[in-house]
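In the text below, chain A, chain B and the rest are named by the order of the sequence lines, each starting its count at 1. Given the structure is predicted, the values throughout are model-derived calculations rather than measurements.
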Amino acid sequence: MRVTRTVAAIAAGLSVALVAAGCGGSGGSGDQAGGEQAISVYAGEPENPLIPANTNENNGGKVVDALFSQLVRYNTDTGAPELDVAESIEPNADSTEFTITIKDGLTFHDGSPVTAQSFVDAWNWGAHASNSALNASWFDFIAGYEEVNPTDPDGSTGPQEAPAPTAEAMSGLTVQNPTTFTVRTNKPYAQFQTVVGYAAFAPLPESFFADPDAFGQNPVGNGPFRFESWQHNQSIELTRYDGYQGTGRPSIQAVTFQLYQEDGAAYRDVQAGNLDFLYQVPQSALVNRKYTTDFPERNANTVTMANETMTFPFYLEAYNDVNTRRAISMAIDRASITDKVFFGAREPATKFVPGILPGADQVGDCEFCVFAPEKAKEAWAMGSQPATVALYYNADASHKQWTEAVCGSVTNTLGVACNAVPVPTFAQLRQAVNAQDMQGMYRSGWLADYPSLDNFLGPNYSSTGSSNEGGYANPMVDAKLAEGSAKPDEAAAAKAWAEGFNIVAQDMPAVPLWNTSRQAVWTDKVTNIKVNVRSGLLDLSQVQVAPEA
Amino acid sequence: MGRYILRRLLQLIPVFIGTTFIIYVLVWAVPGNPFAGKCGDRPCPDSYIQQMTEKYNLNDPVISQYLQYMGNLLTGDFGENYQQIPIAELISDAYPVTIKLAVMALLVEAVIGLAAGILTGLRGRGFLDNVVLVSTLLVISLPVFVTGFLLQIWLGVNLGLVSPTVGSDAPLVDFIVPAVTLGALSTAYVSRLMRTSLRENRRADYMRTAKAKGLTDNRAVGVHLLRNSLIPVITFLGTDLGSLMGGAIITEGIFNINGIGGLVFRSITTKDTGTVVAVVTLLVLVYLLMNLLVDVLYAVLDPRIRYD
């Protein structure tokens, strides 16, 4: 049987050779630009082309954040707004007109100057209906918005189409000179100086307007990093822009956003040293706080301006009763769930806003957010007492455990059957929510787009709020919202908005569950890690490459 | 043989049309609006939804959408996905990676599986035979993600021998661990198939005749026995390559490989009919051609098989 032995020997030899070759080639599958002063950071493939007015999700947001600088930036440690590109923003007496002066001599990555016109043209482009920008509604407070983006009379699902725009540009935006422009609003808007730090308000160079589609694949910004390349589903490379004159010049020379399909692989890459920073560890690493033992001294738990809630659909009779809603909220043992399911990675909510949001100290504690089984039973007895309650969540993210825990808590306290029902994808859940077609409570949440109370109050709890699909409407809340926006300064405005929240806390249109925090880990290659409390993202201007030991 | 091949190629056409149409309708029927989830926790602006719906013809009846899409496809225009990335670019990035992975997995399973099968098939019962049987049983009972995670964590993280993830431009050696993961199950099947096939044919009439004629053991086994025993194995390997080319979602997810499996899965969950149908078109073609190749190979291996 010599033939077979030879065959076997050859096969064995080949296998050994393959394995040996495999042992030889290890590590570092992605070469980073810039050599030693380059770091790699976790990201997912952006949902849309990299245009600021078209970016409102996390992955594109990371890149746009590094590429563009706004009039105002949000401080990494406190989240408070600070002037960045703007030299000054002067409001008039009733916050209906703002004069903005920008710093002189700032440039885009292609060398063209950043002028007042860059802002005005960019905002007009984002607002105009024909450009179908995702962030168009952010400009709706500017006078003239209705002419460039008329609303569809019966909503997007109705048969009628929105009328065509009647103007090319918003009348409220006027350029006075290359470094000054004025913004006239269609209602008092005290929060303007905070709102304008959101990514949608970025300036755009002239090269953008020539070809927006090409720009989306090859953006030119005015931020501390410039775009180098984007290999879809693989990586996005940025290098430091040496002509940057704004605050916070980065010390690293390049950053590569490695695009992952799922965060488990990214976590193992950080363990092996292939990825330098992961801004949120996967659920599996939260169990027993495993990430702290895998990365001693190289992990951080940062509280951010985000919370998770459950929203009640007011169009269902069962939830239209305030006592039922209060009862359900008081029946949830938040402390126990954050301890057992999240292992301390969440903080039970005591108010409708996260504690670190500017102005949150003026908001009163929510009395029905405290776990109180006796009071819950009393309130339940006074309410509509539906036979079952349901909590809907999207199954394509890790929500199963906590929704089942919440439902269990409700059943244990009130005795009513509670079902945690999964919906296959987030898109399906959103579609049913938008169509007001839900059969029960649903998981919701909010991350501060800008650090102000009205960002949580307006979209979620005002009767015309863009994210208020539950159908909650209380004219007193709307009045408080408008009252705050009409105040001359943000401190006074915060007081009015806080009062609005106190009204909301009595009505309980949603149940605040917990405030979210981010658990980040990194390798020993990087140091001086600061996570921005508003966005949860790594502050790329402050991170440094550790000196060789 | 020529007529047979021609007939098979012609049969491709109705299969192609039927499959692509069914897949298109199935993805179209998945509930949910592809643009509803694009804006996080707030509804997307009406102007955006309207323009996107018009751009991708989503208001037309499904037949009309399908015909428009196939018309474009046949002229080479693959269109864009809902993230406005050209689909041709997505496929040309992902497919070579999947091919690399598939070929390596096939090599692993062919080499190791055949070697183990031949060794145990010829030698008869013994220690080696039991070792192979037990180890294949073990491999078959482990789900692929268990194998994948174990190898990734043990070799990649703990021992640091290989990189835990494999980028598209990674050297070929980085693909070995994913290939082993992917091919592990098939290796077990191949070795058992080979072993059984050899055992069965050892006692066949033609082997007795060959020995009686005076052929040496080497020639009898090497030329006659192996060739005949390979037929079931070749069938298996051929269909396996076809399905490997179709992408390995789980393995790609574990090792973060940017291949076709992940692409199709993501496109289905985002209801991206364009990408799904484009990829499925390619896969159907590949699979049918692989089948044809395997059938032709039969005739080469076994002269008794005739196709007219």
Side-chain angles (χ1 to χ4, degrees), chain A residues 1-4 7-8 11-12 14-15 18-19 21-30 47-49 56-57 129 132-134 136-137 149 151-152 155-156 161-162 213 216 231-234 260-262 265 268-269 271-272 274 396 425-428 430-431 434 444-446 459 466-467 469, chain B residues 31-34 36-52 83-85 89-90 93-94 111-112 114-115 118-119 122-123 152-153 156-157 160-168 170-171 173-174 176-177 217-218 221-222 252-256 258 262 266 269-271:
Chain A
M1 300 295 172
R2 259 179 294 149
V3 169
T4 57
V7 166
L14 265 178
S15 317
L18 277 176
V19 172
C23 291
S26 65
S29 59
E47 278 283 325
N48 300 295
N56 64 357
E57 45 83 33
S132 63
L134 281 169
S137 52
N149 204 327
T151 31
D152 195 338
S156 61
E161 283 190 12
D213 287 337
Q231 284 167 294
H232 292 287
N233 296 311
Q234 267 300 112
Y260 287 85
Q261 297 163 31
E262 56 112 27
R268 289 184 280 282
D269 253 354
Q271 283 180 295
N274 278 348
D396 55 359
T425 61
F426 180 66
Q428 264 174 272
R430 285 314 303 174
Q431 199 184 16
N434 293 346
S444 50
W446 197 255
S466 53
S467 289
E469 300 94 1
Chain B
N33 180 328
K38 285 229 167 207
C39 300
D41 277 316
R42 68 193 90 229
C44 288
D46 298 343
S47 50
Y48 173 76
I49 295 182
Q50 199 145 324
Q51 221 179 56
M52 283 295 147
Q83 294 168 333
Q84 290 159 17
I85 303 171
E89 191 184 315
L90 285 174
D93 280 341
V111 166
I112 300 180
L114 281 177
I118 293 173
L119 251 175
L122 290 175
R123 197 171 273 222
Q152 184 186 44
I153 292 174
V157 176
L161 289 174
V162 294
S163 163
T165 60
V166 181
S168 286
V173 291
D174 276 358
I176 291 182
V177 175
D217 262 354
N218 284 355
V221 167
E252 285 179 16
I254 295 175
F255 292 95
N256 199 47
N258 182 21
R266 281 193 304 276
T269 50
T270 54
K271 244 179 90 83

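- Of the residues considered (B:Gln152, B:Gln84, B:Glu252, B:Lys271), B:Gln152 shows the highest number of contacts with chain A, using heavy-atom pairs under 4.5 Å.
- Of all the heavy atoms in B:Asn258 and A:His232, the pair that sits closest is ND2-O, 3.6 Å.
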Inset, instruction - Might you work through the side chain to side chain contact (heavy atoms under 4.5 Å, CB included) test for A:Arg268 and B:Ile153, ending with a clear yes or no? - result: CA-CA 7 Å; A:Arg268 289 184 280 282; B:Ile153 292 174; 3.7 Å; yes
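- Here the CD-CD1 distance, from A:Gln261 to B:Ile254, works out to 11.5 Å after rounding to the nearest 0.5 Å.
- Here the CD1-CG distance, from B:Ile85 to A:Asn233, works out to 6.5 Å after rounding to the nearest 0.5 Å.
- Put simply, of A:Ala272, A:Ala136, A:Ala265, the one with the most heavy-atom pairs under 4.5 Å next to chain B is A:Ala265.
- Neither the backbone nor the side chain of B:Leu114 comes within contact range of chain A; no heavy atom of the residue lies under 4.5 Å from a heavy atom of that chain.
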